[in-house]
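Let me begin by presenting the structure, written as structure tokens, before commenting on it.
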Amino acid sequence: MPAAIKGTITVDGQEITITNPEKLLWPDCGITKRIYLEKLAALSPYLLRYCRDRLLTVIRYPHGVSGMSFYQKNAPDPLPAFVQTAVHENINYIKLQGLAELIWLGNLAALEFHPSLHYVGSDLPCEWMIDLDPSREVEPRIMEATAIVGTVLTSLGLSSVPKTSGATGVQIIVPIETGVTFDGLRKIGHFVGRYVTEKHPNLFTLERLKKNRGDKIYFDYLQHYSGKTLAAPYTPRARPLATVSTPLLWEEVRQNVSPTDFHLLNIEERLQRMGDLLEKVPPQPVQQLIAKLP
DNA sequence: GCCTGGT
DNA sequence: ACCAGGCAACGCTGA
DNA sequence: TCAGCG
Ligand SMILES: [Mn+2]
Ligand SMILES: [Mn+2]
């Protein structure tokens with residue numbers, strides 16, 4: 001055993017203790033904690049935009065992706081003075097407001113960041129995220145399914161941005177004006193889900209029981225509740241290949257890219273080239289559509 | 001990874 | 001001083 | 001009422 005290393009770095013004026021920088025967090029990719037923290041810093045302008053002012057859930061892997069993991073919602077005690085929290089339903093959530101918080105959590109081996117779909121203190125969703133969950137561990141039709149949903153959205157007059165979840169699935173994000181409710185999103189989600197399931201009954205399912213889904217892709221329109229979370233855009237995932245939840249061009253969906261194409265070791269270059277694809281789409285007229293639904 | 005409580 | 005345990009559990013759905 | 005789900 002090499003002696004454990006411990007040191008302090010200063011991030012945005014805050015002192016943060018870093019332990020075991022050479023510990024392998026993604027052994028198959030050779031990603032140590034040191035490399036992870038560097039990649040988090042590169043991701044931070046993008047990731048933080050979709051985490052700030054929300055209730056944060058992290059998933060931690062103190063011994064790397066192949067070790068035991070646990071969810072953490074409650075802020076640990078003691079908490080660094082610079083970390084803000086917010087209470088929601090009896091849980092004292094961490095707020096991921098800046099790079100200092102991100103690096104602090106990275107040192108704690110928080111490998112995944114799952115923010116709420118609403119801002120702290122609000123009951124309203126920030127965006128509509130259509131969640132497609134494959135039943136199989138590898139789903140070659142996931143981009144085909146994504147394209148189908150995208151076409152339906154287009155026919156409804158809605159622009160959207162697909163993103164890999166970083167695991168096996170995809171989310172399709174429709175920016176919305178504030179004022180749309182979670183009830184409204186479930187309603188329009190159910191509507192779109194019924195439509196694609198009817199048109200492609202072998203590809204999509206709305207079946208809630210796993211054992212009845214076969215190998216179809218679950219159209220999960222029930223994610224839209226206050227307090228529920230989804231993998232943030234640009235969050236790393238605790239998967240063997242260190243995949244990152246990555247917003248895509250629709251053209252890339254047509255070209256059938258794989259979720260494993262986008263990972264911690266190549267995401268920086270992509271972001272420099274493409275910027276934040278999500279930011280480029282303005283709020284869409286979702287409320288009018290919901291209002292017209294039966 | 002790190003803190004706490006029990007031994 | 002050392003070690004084991006904890007770190008999310010809960011609301012909603014469909015039957 | 002409750003197992004199953006995310
Ligand atoms: Mn999903
Ligand atoms: Mn889901």
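In what follows, every chain begins at residue 1, and chains take the letters A, B, ... in the order their sequences are listed.
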Not counting sequence neighbours, which residues clear side-chain contact (heavy atoms from CB on, under 4.5 Å) with A:Asp261? List them please.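 A:Val257, A:Ser258.
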Are [X] and [Y] connected in the hydrophobic side-chain network, where two residues link if heavy atoms are under 4.5 Å apart?
{"X": "A:Ile172", "Y": "A:Leu248", "result": "yes"}
{"X": "A:Leu102", "Y": "A:Leu108", "result": "yes"}
{"X": "A:Leu158", "Y": "A:Phe182", "result": "no"}

Using the rule given for side chain to side chain contact (heavy atoms under 4.5 Å, CB included), can you reason through A:Leu249 versus A:Met274, listing the C-alpha separation, both sets of side-chain angles and the distance that settles it, and then say yes or no? CA-CA 10 Å; A:Leu249 299 169; A:Met274 321 254 289; 3.9 Å; yes
Going 5' to 3' along DNA chain C, between which two nucleotides do contacts with chain A fall, using a heavy-atom cut-off of 4.0 Å?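 In short, chain A contacts DNA chain C from C:dC7 to C:dG14.
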Please report the interatomic distance CZ(A:Phe204) to CZ(A:Arg141), rounded to the nearest 0.5 Å.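 So the gap between those two atoms works out to 9.5 Å.
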Interface residues of [range] with DNA chain C (non-hydrogen, below 4.0 angstrom):
{"range": "residues 105-120 of chain A", "value": "none"}
{"range": "residues 186-198 of chain A", "value": "none"}
{"range": "residues 62-75 of chain A", "value": "A:Phe70, A:Tyr71, A:Gln72, A:Lys73, A:Asn74"}

Run the salt bridge (charged side-chain N to carboxylate O under 4.0 Å, His left out) test against A:Arg34 and tell me which residues pass, sequence neighbours left out.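 Scan of A:Arg34 (salt bridge (charged side-chain N to carboxylate O under 4.0 Å, His left out), adjacent residues dropped) gives A:Glu22.
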Residue list, salt bridge (charged side-chain N to carboxylate O under 4.0 Å, His left out) with A:Glu112, at least two apart or on another chain: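 With neighbours one apart ignored, the set is A:Arg237.
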Validation row: A:Leu96, A:Val58 side chains within 4.5 angstrom (heavy atoms):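 SC-SC contact between A:Leu96 and A:Val58 ruled out.
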Hey, does [X] reach any base, or is it just sugar-phosphate, or nothing, if we go heavy atoms under 4.0 Å?
{"X": "A:Pro78", "result": "sugar-phosphate"}
{"X": "A:Lys6", "result": "nothing"}
{"X": "A:Tyr221", "result": "sugar-phosphate"}

For nucleotides 1-6 of chain D, just jot down a letter per nucleotide in 5' to 3' order: B, S or -, based on protein non-hydrogen atoms under 4.0 Å. ---BSB
Apart from A:Ile91 itself, what residues make up its hydrophobic cluster when side-chain heavy atoms of I, L, V, M, F, W and Y under 4.5 Å apart count as a link, directly or indirectly?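 Same cluster as A:Ile91: A:Leu55, A:Tyr93, A:Val120.
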Are the side chain of A:His263 and the backbone of A:Gly166 linked by a donor-acceptor contact shorter than 3.5 Å?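 Not a single qualifying donor-acceptor pair exists.
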Using modelled atom types only, decide if a donor and an acceptor are shared between the side chain of A:Asn107 and the backbone of A:Thr19 within a distance under 3.5 Å.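 Confirmed, A:Asn107 side chain pairs with A:Thr19 backbone.
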For residues 23-80 of chain A, which residue pairs qualify under ring-ring contact (aromatic ring centres under 6.0 Å, His included), counting only residues two or more places apart or in two chains?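 The answer is A:Trp26-A:Tyr36, A:Tyr46-A:Tyr234.
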Pair up each side-chain donor or acceptor in residues 205-212 of chain A with any protein partner under 3.5 Å, not counting sequence neighbours, and list the distances.
from: A:Thr205; atom 1: OG1; to: A:Glu207; atom 2: N; distance (Å): 2.9
from: A:Glu207; atom 1: OE2; to: A:Leu209; atom 2: N; distance (Å): 3.1

With rounding to whole Å, what would you report as the distance between C:dA8 and D:dC5 at their P atoms?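 Approximately 23 Å lies between the P atom of C:dA8 and that of D:dC5.
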Separation between the C1' atoms of C:dA9 and D:dA3, rounded to whole Å: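 C:dA9 and D:dA3 have their C1' atoms separated by 15 Å.
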Does any pair with a residue in residues 164-181 of chain A pass side chain to side chain donor-acceptor pair (under 3.5 Å), and if so which ones, sequence neighbours excluded?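 Listed by first then second residue: A:Asp131-A:Gln171, A:Lys163-A:Gln171.
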